[in-house]
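It should be emphasised that the depicted structure is a prediction, and the values quoted were computed from it without experimental measurement.
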Protein chains: 2
Amino acid sequence: MAAPRRTQAQRRAETRQALLEATIDCVVEHGYGNVTTAQIALRAGVTRGAQNYHFSAKTELVAAALEHLMDQLIEQVRLDPPRGTDTTERALLLLDRLWNLHDTPAFKAATEIAIASRTDPELRARLAGLNRRLIGMIRGMLDETFPELMGNEDIYPIMLTVLSAVRGVAVVGLIGSPESIESLWRIVRGQLEQLIARAVEKASLAG
Amino acid sequence: MAAPRRTQAQRRAETRQALLEATIDCVVEHGYGNVTTAQIALRAGVTRGAQNYHFSAKTELVAAALEHLMDQLIEQVRLDPPRGTDTTERALLLLDRLWNLHDTPAFKAATEIAIASRTDPELRARLAGLNRRLIGMIRGMLDETFPELMGNEDIYPIMLTVLSAVRGVAVVGLIGSPESIESLWRIVRGQLEQLIARAVEKASLAG
DNA sequence: TTACATACTGGCATGCCGGTATGTAAATGG
DNA sequence: CCATTTACATACCGGCATGCCAGTATGTAA
């Protein structure tokens, strides 16, 4: 095993990333309340000393991990926007993509951490902008995906409602069985589909 | 201070209730992850010994507390069903009541505990039926409140969608500022209102 | 090569949490 | 009025998570 001779910046980046990802994994697996710094360090293949060197407190690590996760998700979504000639078709594609995003382990972790931040001021402060940022991202995506609806202010309330419903289902999904969630989502999806279809119809009549 | 000479059943019931309520209060105030059994006992005005006598483990106490809370809420809701001549009017009344239920400290506690139960099998098992029970309650209430819609299967999907959306908003409400939640709810409420109104209209045409 | 900065190691120490064990008071029943 | 059960109090233990620190290695600049 020859020493890889990494540069300082590389070393730093690699261990940090390993820690951030291990944090998310551990939260997903054991739940935020049960996660220990030792577990995280172990999973990251890093000693507790190194861990503490980069992130002096647990909260800091967790907050950073969630921000990192968010960055990944946003990037991942931004990379392939929904394509299609039909407006409704694109909208439903977006809907499904939104759901898939919420049906992911990452969302579990994010939710746990967000919930925990309610009573942790330090954490809360750092996470304050994340939801705002998420909504901003979705908004931007809407504008890009539906240029024909540009300037139509009616779509944002619908977006928020859809997002809320998706979140509601996703939250139940944290504790329910996959089958029950699947069935619940099918039902809710049907309703949201109608909501969207009507909105698109209305908008194209107006436009 | 003369001894009140309470009966055993009274003593038991009183300390138990004090413990259950203190548990909810503590969870609301400090968050599930930070709550300690000592805090709860202190708040309930009970020693840790008594606490342990009634609830041998923390999980047991928390689960019992949530069930107790649920009982209270269900009872409270069942006591005054929405009245009104107009179907839509009653539906909107129900919608607001549903939101008020979710905009309460009790919901915060319930959510925290539910989230925690994801990685706590013991807790999860005891809470498994609660959501089912809640939905059953809402279903029953729908049947009572809208006898004219009886047998119309279309309203359940809508109910689930509305419930999901309400929950989604409520979850954001856990960490957001009261103002931002108020404004979000107003927006979502507007959409749900339309959803409901359309459903009622359709149902009365069919009926 | 020397001097310095950054990255990392391993272990210690403290506080605290949940659970238990044992003793005491209050109520019930005969 | 005594015996037994139920309800509660106090003290304690084992364990463990967290943060910290003194030292070491590795990269970087003079």
Side-chain angles (χ1 to χ4, degrees), chain A residues 1-20 22-23 26-27 29-65 112-113 116 119-123, chain B residues 1-23 26-27 29-65 112-113 116-117 119-123:
Chain A
M1 276 299 217
R5 182 71 184 181
R6 299 172 296 168
T7 178
Q8 294 281 59
Q10 281 176 335
R11 293 174 76 185
R12 181 183 177 84
E14 281 175 21
T15 55
R16 280 181 72 101
Q17 183 171 340
L19 278 167
L20 295 178
T23 302
C26 283
V27 169
E29 190 164 331
H30 305 103
Y32 178 82
N34 307 317
V35 155
T36 74
T37 54
Q39 279 175 343
I40 296 174
L42 188 68
R43 181 155 196 152
V46 163
T47 60
R48 291 186 20 74
Q51 177 184 48
N52 198 262
Y53 173 75
H54 287 288
F55 305 96
S56 58
K58 192 183 180 183
T59 18
E60 203 177 332
L61 175 57
V62 170
E112 294 234 1
I113 296 173
T119 49
D120 188 331
E122 208 171 332
L123 200 57
Chain B
M1 277 300 220
R5 183 67 186 184
R6 299 172 297 169
T7 180
Q8 294 281 57
Q10 282 176 335
R11 292 175 76 185
R12 183 182 176 83
E14 283 174 20
T15 54
R16 279 182 73 101
Q17 183 171 340
L19 278 167
L20 295 177
E21 288 171 2
T23 302
C26 283
V27 169
E29 191 164 332
H30 305 104
Y32 178 82
N34 307 316
V35 156
T36 74
T37 54
Q39 279 177 343
I40 296 174
L42 188 67
R43 181 155 196 152
V46 162
T47 60
R48 281 177 38 72
Q51 177 184 47
N52 199 264
Y53 173 73
H54 289 287
F55 305 95
S56 57
K58 191 184 183 183
T59 331
E60 204 177 330
L61 175 57
V62 170
E112 294 236 0
I113 296 173
S117 80
T119 49
D120 187 331
E122 207 171 332
L123 200 57

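- When only modelled atom types and interatomic distance are considered, A/Glu14 and A/Gln10 share no side-chain donor-acceptor pair under 3.5 Å.
- Looking at which nucleotide of DNA chain D each of A/Val35 and A/Thr7 is closest to, the 5′-most match is held by A/Val35.
- For B/Ala38, the side chain to side chain contact (heavy atoms under 4.5 Å, CB included) partners at least two apart in sequence or on another chain are B/Thr36, B/Arg48.
- Residues satisfying the side chain to side chain contact (heavy atoms under 4.5 Å, CB included) criterion with B/Glu29, sequence neighbours excluded, are B/Arg43.
- Side-chain contact between A/Arg12 and A/His54 is present, with at least one heavy-atom pair separated by less than 4.5 Å.
- Listed by residue number, the members of residues 9-20 of chain B with any heavy atom below 4.0 angstrom from DNA chain D are B/Arg11, B/Arg12, B/Thr15.
- Distance, B/Gln8 CD to D/dT4 P: 17 Å, rounded to whole Å.
- Of the inter-residue distances, the one linking B/Glu21 atom CD with B/Arg16 atom CZ reads 13.0 Å to the nearest 0.5 angstrom.
- Atom CZ in A/Phe55 sits roughly 17 Å away from atom C1' in D/dT18 (whole-Å rounding).
- Side-chain atoms of A/His30 and B/Thr119, non-hydrogen and from C-beta on, never get closer than 4.5 Å to each other.
- Look at CD on A/Glu122: it is 14 Å from C1' on D/dT18, rounded to the nearest Å.
- Within residues 45-53 of chain A, the residues having any heavy atom closer than 4.0 Å to DNA chain D are, in order of number, A/Arg48, A/Asn52.
- In this structure, NZ on B/Lys58 lies 6.5 Å from CD1 on B/Ile40, to the nearest 0.5 angstrom.
- Residue A/Tyr32 contributes atom OH, which lies 15 Å from atom P of D/dA17 at whole-angstrom precision.
- Checking C/dT6, D/dG19, C/dG18 against every side-chain atom of B/Thr36, the shortest atom distance belongs to C/dG18.
- With rounding to the nearest 0.5 angstrom, the CZ atom of B/Phe55 is 8.0 Å from the OG1 atom of B/Thr15.
- Taking atom CZ of residue B/Arg6 and atom C1' of nucleotide C/dT28, one finds them 15 Å apart after rounding to whole Å.
- B/Asp120 pairs by the side chain to side chain contact (heavy atoms under 4.5 Å, CB included) definition with B/Tyr32, B/Thr59, B/Glu122, B/Leu123, not counting sequence neighbours.
- Side-chain N/O atoms of A/His54 include none lying less than 4.0 angstrom from OP1 or OP2 on C/dT6.
- Shortest non-hydrogen contact noted between A/Val35 and A/Cys26 is CG2-O, 3.3 Å.
- Checked by atom type and distance alone, the side chain of B/Gln51 pairs as donor or acceptor with a backbone atom of B/Thr37 at under 3.5 Å.
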Canonical and wobble pairing (Watson-Crick, G-U, under 3.5 Å) of DNA chain D, dot-bracket with |: ||||||||||||||||||||||||||||||

